[in-house]
Asks: 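Below you'll find the structure I mean.
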Protein chains: 2
Amino acid sequence: MKITTWNVNSIRAREDRVLNWLDQHQPDVLCLQELKCTEEQFPFDGFDALGYQVVIHGQKSYNGVAIASLDYPDSVEAAVPWPEDDQSRGIAVEINGIRVASLYCPNGRSVGHPAYEYKLAWFDRLHDWLSSFSPQTPMVLTGDYNITFDDRDVNDPVAWREQILCSTPERQRLNALIDWGLTDALRLFDESAGIYTWWDYRAGGILQNKGLRIDHHLISGPLVERAVAVEIDVDERRSERDGDKPSDHAPVTLVLED
Amino acid sequence: MKITTWNVNSIRAREDRVLNWLDQHQPDVLCLQELKCTEEQFPFDGFDALGYQVVIHGQKSYNGVAIASLDYPDSVEAAVPWPEDDQSRGIAVEINGIRVASLYCPNGRSVGHPAYEYKLAWFDRLHDWLSSFSPQTPMVLTGDYNITFDDRDVNDPVAWREQILCSTPERQRLNALIDWGLTDALRLFDESAGIYTWWDYRAGGILQNKGLRIDHHLISGPLVERAVAVEIDVDERRSERDGDKPSDHAPVTLVLED
DNA sequence: GCTTCGGGAG
DNA sequence: CTCCCGAAGC
């Protein structure tokens, strides 16, 4: 079973690329972030034609998340981690006995900015939501966390030191999810530095591999047993295919046994 | 010899369509209007690859005209009809003994609007410019005139009566060019009503053929002798090809003998 | 409708 | 760099 996360930076601007990728890679579940559209604007038809169901928690212009899947979800919870959030940043489903969440965590703009305070508070809310489950629940919380775990995830740790996406309070929030009982799936397979999932559009980031690892699969114990790989499709980020214009994030795929 | 006029409504937004059309139809001269770009922004490379020279009188965001030709022009006069005009609406060349002008005449917005006064004054300037030549000069003044000659050029003459593009003062200015010695080339071949070159994007204008004839070839006596056809490529305006998004104007081609 | 722009966001 | 938007222009 394959579960992919992909911040597509506008599904309408990227529809063809996403559908081509989906057609070629056929993950069982595709978690999308930064749709930048409402449910009315979402291009369901293309996904339908490829046999994918889509549930979406949309928003005009900003944010917006969705989960596309070959099987119908058994349940859907939009507005994760809390329903009163006026930003659409999370949606969760149950599929084949696994709880899957697609998360677009706040960016925070810069350390100390009001958006940074919202980011930290948002992660506290995410922790609260997570705590409503048992750590024995098969779970995949995946998406764009907008936080690096440590300096191995950062191409230039000196430049990024205590900057947004890398500050200690942010990393504490991310590690609180680990402490609860989740595992950073990629690190089960590769402990090396220099593995990235996002590269800034500016400054030719992708050509010089100036990236960060901020898209993660956090998985609970029962899935740690089943995890066999995490794959980052850097070619899709780099790619000149399909009229150029890739997203600034690569698709990242968790492969589970069975 | 074929001389085409085409208001492309942004050459950057329409580059592929224009080049595909050019490659298929191979006119000797292509007069373009509403480039909406400066010379720096103009996509010369694609024209070059098809063997076309391009001279341009550009402007940021608005207006902008060009002439693409298989043969090099023997002379170029940008800023027609007068050099101090702060809007880039005309360029003229001499090619194979014929003076060719590509004109994007002012729209005028609505009768009585300041832009309407500018439109009338602009046509007076055009008449002055024209008067610097002999009517025996082989000339093609072509482009988007933003004026209909008479009600045969109007899909709904009642609705358009004395409206912008159809008002008596505008038609007088257009006829002043005829009185000087030019001929409306299309009417040499077809006197019927309902021949249009422009259809509003709104209200499904093209589907109901709710159009106007505002793109003209005005030709001098020596070319009246040589004219054999005027062809309007309505399919290109209608077309769903090349990722949709046609211009609101069709290409119009004058065919000359020799 | 469709294009341009500049401003805000990332 | 790339996206969104709301004006303005046609």
Side-chain angles (χ1 to χ4, degrees), chain A residues 7-15 17 33-38 41 58-64 87 89 104-110 113-116 118-119 144 146 163-165 198-208 210-212 214-215 237-238 243-249, chain B residues 7-15 17 33-38 41 58-64 87 89 104-110 113-116 118-119 144-147 163-165 198-208 210-212 214-215 237-238 243-249:
Chain A
N7 178 322
V8 292
N9 187 15
S10 173
I11 188 61
R12 288 178 294 169
R14 216 83 59 208
E15 180 180 354
R17 285 190 84 98
Q33 301 93 37
E34 267 203 283
L35 302 176
K36 294 186 173 180
C37 72
T38 62
Q41 297 170 317
Q59 181 182 332
K60 181 179 171 175
S61 306
Y62 299 107
N63 312 310
Q87 301 184 25
R89 296 184 170 277
Y104 176 49
C105 309
N107 171 285
R109 298 201 60 172
S110 58
H113 191 281
Y116 181 77
Y118 170 75
K119 180 177 192 171
D144 176 3
N146 267 319
Q163 298 302 302
I164 194 69
L165 314 184
W198 171 84
W199 296 259
D200 199 307
Y201 281 126
R202 292 160 290 194
I206 186 65
L207 295 171
Q208 303 166 71
K210 290 194 170 178
L212 299 177
I214 55 178
D215 301 272
R237 169 61 182 86
R238 187 167 13 223
D244 272 359
K245 305 247 178 187
S247 168
D248 46 352
H249 294 251
Chain B
N7 177 322
V8 292
N9 186 15
S10 171
I11 187 61
R12 289 178 293 169
R14 216 84 56 208
E15 181 181 355
R17 285 191 86 98
Q33 301 93 35
E34 268 205 278
L35 303 174
K36 295 188 175 179
C37 72
T38 63
Q41 298 170 316
Q59 179 181 332
K60 180 179 168 169
S61 306
Y62 300 106
N63 312 311
Q87 302 183 24
R89 295 184 171 279
Y104 175 49
C105 308
N107 171 286
R109 299 200 60 173
S110 57
H113 191 279
Y116 181 78
Y118 169 75
K119 180 177 193 172
D144 176 3
Y145 282 80
N146 268 319
I147 306 179
Q163 298 302 302
I164 194 70
L165 314 183
W198 171 84
W199 297 259
D200 199 305
Y201 282 126
R202 294 160 287 194
I206 187 63
L207 296 171
Q208 301 167 71
K210 290 194 170 178
L212 299 177
I214 56 178
D215 302 273
R237 169 62 181 85
R238 188 167 11 222
D244 272 0
K245 306 245 177 191
S247 167
D248 44 353
H249 294 250

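Throughout, a chain's letter reflects where its sequence line sits, starting with A, and its residues are numbered from 1. FYI, side chains are in, hydrogens and waters are out, and symmetry mates aren't considered; it's all heavy atoms of this structure.
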Asks: Quick one: side-chain hydrogen bond (donor to acceptor under 3.5 Å, both in side chains) partners of B:D215, sequence neighbours excluded?
Replies: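 If we apply the side-chain hydrogen bond (donor to acceptor under 3.5 Å, both in side chains) test to B:D215, skipping adjacent residues, the hits are B:T197, B:H249.
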Asks: Testing the basics here: between B:V8 and B:R14, what is the closest heavy-atom pair and its distance to 0.1 Å?
Replies: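 Where B:V8 meets B:R14 most closely, the heavy atoms are O-NE, 2.9 Å.
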Asks: By ring-ring contact (aromatic ring centres under 6.0 Å, His included), which residues pair with B:Y145, not counting sequence neighbours?
Replies: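 Only B:H216 meet the ring-ring contact (aromatic ring centres under 6.0 Å, His included) criterion with B:Y145.
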Asks: Between A:Q41 and A:P246, who's closer to the 5' end of DNA chain D by nearest nucleotide?
Replies: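 Final value for this comparison: A:P246.
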Asks: Chain B on DNA chain D: first and last contacting nucleotide, 5' to 3', under 4.0 Å to a heavy atom?
Replies: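 Range of nucleotides within reach of chain B: D:dG9 to D:dC10.
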Asks: The side chain of B:K60 is closest to which nucleotide in this list: C:dG6, C:dT4, C:dT3?
Replies: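 Minimum distance to the B:K60 side chain belongs to C:dG6.
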Asks: Rounded to whole Å, how long is the line connecting atom CZ of B:R14 with atom C1' of C:dT4?
Replies: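 Atom-to-atom, B:R14 to C:dT4, this comes out as 12 Å.
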Asks: Could you pull out the protein-nucleic contacts involving nucleotides 7-10 of chain C (nitrogen or oxygen on both sides, under 3.5 Å)?
Replies:
unit_1 : atom_1 : unit_2 : atom_2 : d
C:dA9  : OP2    : A:R109 : NH1    : 3.2
C:dG10 : O3'    : A:N107 : ND2    : 3.0
C:dG10 : O6     : A:R202 : NH1    : 3.2

Asks: May I have the distance from B:N7 (atom CG) to C:dC2 (atom P), rounded to whole angstrom?
Replies: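 Between P of C:dC2 and CG of B:N7: 15 Å.
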Asks: Would you say the side-chain atoms of A:Q33 and A:D144 include a donor-acceptor pair closer than 3.5 Å?
Replies: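 No, no side-chain donor-acceptor contact under 3.5 Å.
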Asks: Could you grab the distance from atom CG of B:D248 to atom CZ of B:R202, nearest 0.5 Å is fine?
Replies: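 Between B:D248 CG and B:R202 CZ, I get 9.5 Å after rounding to 0.5 Å.
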Asks: Among residues at least two apart in sequence or on other chains, which ones pass side chain to side chain contact (heavy atoms under 4.5 Å, CB included) with B:S110?
Replies: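 With neighbours one apart ignored, the set is B:H113.
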Asks: Can you name the nearest heavy-atom pair linking B:L165 to B:K119, along with the distance?
Replies: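 Closest pair (atom of B:L165, atom of B:K119, distance): CD2-NZ, 3.8 Å.
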Asks: Figure out the CZ/C1' separation between B:R17 and C:dC2, and round it to whole Å.
Replies: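 Going from B:R17 (CZ) to C:dC2 (C1'), I get 13 Å.
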Asks: List for me each residue that meets side chain to side chain contact (heavy atoms under 4.5 Å, CB included) alongside B:Q87, sequence neighbours excluded, and say none if there are none.
Replies: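 Side chain to side chain contact (heavy atoms under 4.5 Å, CB included) check on B:Q87 returns B:Q59, B:N63, B:D85, B:R89, B:Y118.
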